[in-house]
Participant: 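Let me give you the structure first, and then I'll get to my questions.
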Amino acid sequence: MELLQLRYFLEVAESEHVTHSAQKLRVSQPSLTQAISRLERELGVQLFEPEGRGIRLTEAGRFYSKRIAKAVGGIDSATSELARFDEERSSIVRINVVSASNIVVDAVAEWRAQHPAAKFQIVSSETVSKIEPCDIEVRMQTGKTPEAKGTRLFKERIMLAAPTTNGDETEEPDAGFRDNPGKGERPGGEGRDIAASDALANGRGEAISLAQVQNSGFIMLAGSRNISNLCLSQCAKLGFRPTIAFESDNPSVVRKMIGLGLGVGFWPEHSWGELGAGARLAPILEPGFVRTIEVARTRHGGSNEQADKFYSFLLQRFEARWNI
């Protein structure tokens with residue numbers, strides 16, 4: 001039994017005239033008659049009976065017509081709804097943002113200003129399998145790059161962010177790493193991390209060894225963030241573990257705490273933006289403090305013209321931040 005047979009049956013059931021139905025369906029009368037006869041054989045019942053020079057529905061035919069009309073109507077409705085669903089889905093750009101969220105959010109805001117009808121769905125998941133497939137993924141590269149329609153890599157240094165100092169008093173930096181680092185404050189510092197400030201002041205913008213700030217309290221991103229794991233891993237290779245004074249899951253909070261002089265922190269050179277007043281950045285002398293941001297137009301997101309256009313726009317914003 002085929003859907004086309006049922007459509008033929010419903011048309012003949014409505015007109016009760018094979019010739020008129022054949023003309024409306026644009027098929028030959030013999031073909032239509034054969035389709036109805038085949039349906040009756042498959043069902044094992046007579047659906048039509050002769051009436052004068054025409055035909056009419058049998059009692060079984062009337063019963064079957066009512067039931068089939070609802071079923072075929074449901075199929076037609078589902079088909080129309082599916083088309084609308086696909087159209088709506090293809091208009092939404094789905095982005096999984098694990099890293100460089102401020103660049104992505106700024107790009108979305110700018111794109112929406114230019115295209116008010118644009119729709120976005122933004123999630124943040126380090127495990128892709130746990131979320132609905134996305135069109136674009138922005139994450140820190142931690143292994144093999146997944147297969148994608150397009151991928152751009154943006155490499156950046158992880159810098160040391162420390163509060164500035166208003167005083168001229170300095171102290172000699174430590175010669176090496178200590179086994180038991182402590183908070184690097186001096187009397188009169190009113191809570192500011194003076195040792196870290198002095199290290200930056202003495203460095204005059206040059207690379208600084210973490211040995212110079214090992215006594216400072218560190219401000220870190222909370223949770224299992226890839227950047228935190230990377231920095232802690234590199235510190236462990238150097239033989240020390242940072243003393244964590246504060247933790248926050250928000251980079252803007254980390255920036256504010258560093259600016260208030262509450263400690264030092266690791267700060268990606270480009271993706272987190274400018275540090276702002278009250279703190280400054282310096283390169284880290286020890287190797288390994290570098291990460292790569294991966295911006296991918298995924299394959300599993302399906303065909304989405306809007307996603308393709310926004311992906312190109314997003315790459316331009318990353319290039320601008322990296323001064324490429």
Participant: Measure the shortest side-chain to side-chain distance between F154 and S271 over non-hydrogen atoms and say whether it is less than 4.5 angstrom.
Facilitator: no
Participant: Any link between V98 and I103 through a network of hydrophobic side chains (Ile, Leu, Val, Met, Phe, Trp, Tyr) touching at under 4.5 Å?
Facilitator: no
Participant: Working to the nearest 0.5 angstrom, can you tell me the gap between R112 CZ and F120 CZ?
Facilitator: 8.0 Å
Participant: Answer yes if the side chains of S312 and R297 hold a donor-acceptor pair under 3.5 Å, and no otherwise.
Facilitator: no
Participant: Quick one about Q29 and T19 (side-chain donor to acceptor, distance below 3.5 Å, no hydrogens or angles considered), yes or no?
Facilitator: yes
Participant: Anything under 30° is parallel, anything over 60° is perpendicular, the rest tilted; go ahead and classify W111 against F310.
Facilitator: perpendicular
Participant: May I ask you to decide if S21's main-chain N or O and E11's side chain share a donor-acceptor pair within less than 3.5 Å?
Facilitator: no
Participant: Should the heavy atoms of other residues, nucleotides or ligands under 6.0 Å from CD of Q114 be counted, would the total exceed 12?
Facilitator: yes
Participant: Between V105 and V295, is there a shared hydrophobic cluster once you connect ILVMFWY residues whose side-chain heavy atoms come closer than 4.5 Å?
Facilitator: no
Participant: For the side chain of N304 and the backbone of V93, is there at least one donor-acceptor N/O pair under 3.5 Å apart?
Facilitator: no
Participant: Has the side chain of W267 got a donor or acceptor atom that lies under 3.5 Å from a matching backbone atom of G273?
Facilitator: yes
Participant: Rounded to the nearest 0.5 Å, what's the gap from CD on E294 to CE on M140? Could you check?
Facilitator: 11.5 Å
Participant: P268 and side chain to side chain contact (heavy atoms under 4.5 Å, CB included): which single residue from I293, I227, L281 fits?
Facilitator: I227
Participant: Report yes if some heavy atom in the side chain of M220 is under 4.5 Å from a heavy atom in the side chain of L232; otherwise report no.
Facilitator: yes
Participant: Kindly compute the distance separating CG (D135) from CD1 (I95), expressed to the nearest 0.5 Å.
Facilitator: 8.0 Å
Participant: Check the hydrophobic clustering (I, L, V, M, F, W, Y; side-chain heavy atoms under 4.5 Å; chains of links allowed) and say if Y8 and L43 are grouped together.
Facilitator: yes
Participant: Whether R317 and D106 form a salt bridge (side-chain N of Lys/Arg under 4.0 Å from carboxylate O of Asp/Glu) is what I want to check.
Facilitator: no
Participant: Considering non-hydrogen atoms only, spot the tightest contact between P242 and C235 and give its length.
Facilitator: CG-SG, 3.7 Å
Participant: Does H17 use its side chain to pair, donor to acceptor, with the backbone of H20 at less than 3.5 Å?
Facilitator: yes
Participant: Out of curiosity, does F266 fall in the hydrophobic cluster containing V290 (side-chain heavy atoms, cut-off under 4.5 Å, transitive links)?
Facilitator: no
Participant: May I ask you to test the V138-N96 pair for a side-chain heavy-atom distance under 4.5 Å?
Facilitator: no
Participant: Do R321 and N102 have side chains that approach each other closer than 4.5 Å (heavy atoms only, starting at C-beta)?
Facilitator: yes
Participant: Quick one: do L285 and I208 satisfy side-chain contact (heavy atoms from CB on, under 4.5 Å)? Show the steps, please.
Facilitator: CA-CA 5 Å; L285 182 63; I208 293 177; 6.0 Å; no
Participant: Under 4.0 Å between a Lys/Arg side-chain N and an Asp/Glu carboxylate O for R157 and E269?
Facilitator: yes
Participant: Looking at L314 and V104, what are the two nearest heavy atoms and their distance?
Facilitator: CD1-CA, 4.1 Å
Participant: Tell me if a side-chain donor or acceptor on R139 pairs with a main-chain N or O of S99 at a distance below 3.5 Å.
Facilitator: no
Participant: With distance as the sole test, does S77 use its side chain to make a donor-acceptor pair with the main-chain N or O of G73 at under 3.5 Å?
Facilitator: no
Participant: For A296, does its backbone N or O pair with a side-chain atom of T151 as donor and acceptor, under 3.5 Å?
Facilitator: no
Participant: Evaluate the criterion side-chain contact (heavy atoms from CB on, under 4.5 Å) for residue pair F48 and V18; output intermediate values, then yes/no.
Facilitator: CA-CA 11 Å; F48 296 95; V18 176; over 6 Å; no
Participant: Do the side chain of T292 and the main chain of L153 share a donor and acceptor less than 3.5 angstrom apart?
Facilitator: no
Participant: Heavy atoms only: give me the nearest S65-L10 pair and the separation to one decimal.
Facilitator: O-CD2, 3.7 Å
Participant: Measure the spacing between NZ of K149 and CD1 of I136 and express it to the nearest 0.5 Å.
Facilitator: 10.5 Å
Participant: In Å and rounded to the nearest 0.5 Å, what is the CD1 to OG distance from I244 to S228?
Facilitator: 8.0 Å
Participant: Salt bridge check: are K237 and E286 linked by an N-O gap of less than 4.0 Å?
Facilitator: no
Participant: Please check: side-chain N/O of Q5 versus main-chain N/O of E2, any donor-acceptor pairing under 3.5 Å?
Facilitator: yes
Participant: Are F9 and L4 co-members of a hydrophobic cluster defined by side-chain heavy atoms under 4.5 Å apart?
Facilitator: yes
Participant: Determine the interplanar angle of the F218 and F240 rings, folded into 0 to 90°, and report it as parallel if under 30°, tilted if 30 to 60°, perpendicular if over 60°.
Facilitator: tilted
Participant: Hey, mind stepping through I219 and S248 against side-chain contact (heavy atoms from CB on, under 4.5 Å) and telling me if it holds?
Facilitator: CA-CA 8 Å; I219 301 172; S248 172; 6.0 Å; no
Participant: Are any non-hydrogen side-chain atoms of Q141 and R291 less than 4.5 angstrom apart?
Facilitator: no
Participant: Within the structure provided, determine whether Y64 and L57 are in side-chain contact (heavy-atom separation under 4.5 Å).
Facilitator: no
Participant: Could D76 and R7 be called an ion pair, given the rule that one side-chain N must be under 4.0 Å from one carboxylate O?
Facilitator: yes
Participant: Looking only at non-hydrogen atoms, find the nearest pair between H270 and K155 and report the distance.
Facilitator: CD2-O, 4.4 Å
Participant: Please round to the nearest 0.5 Å and tell me the distance separating atom OG of S31 and atom CZ of R26.
Facilitator: 15.5 Å
Participant: Ignoring hydrogens and angles, tell me if any N or O in the side chain of T58 forms a donor-acceptor pair with the backbone of Q46 under 3.5 Å.
Facilitator: yes
Participant: Could you walk me through whether K119 and Q306 pass the side-chain contact (heavy atoms from CB on, under 4.5 Å) check?
Facilitator: CA-CA 9 Å; K119 300 177 182 178; Q306 292 301 316; over 6 Å; no
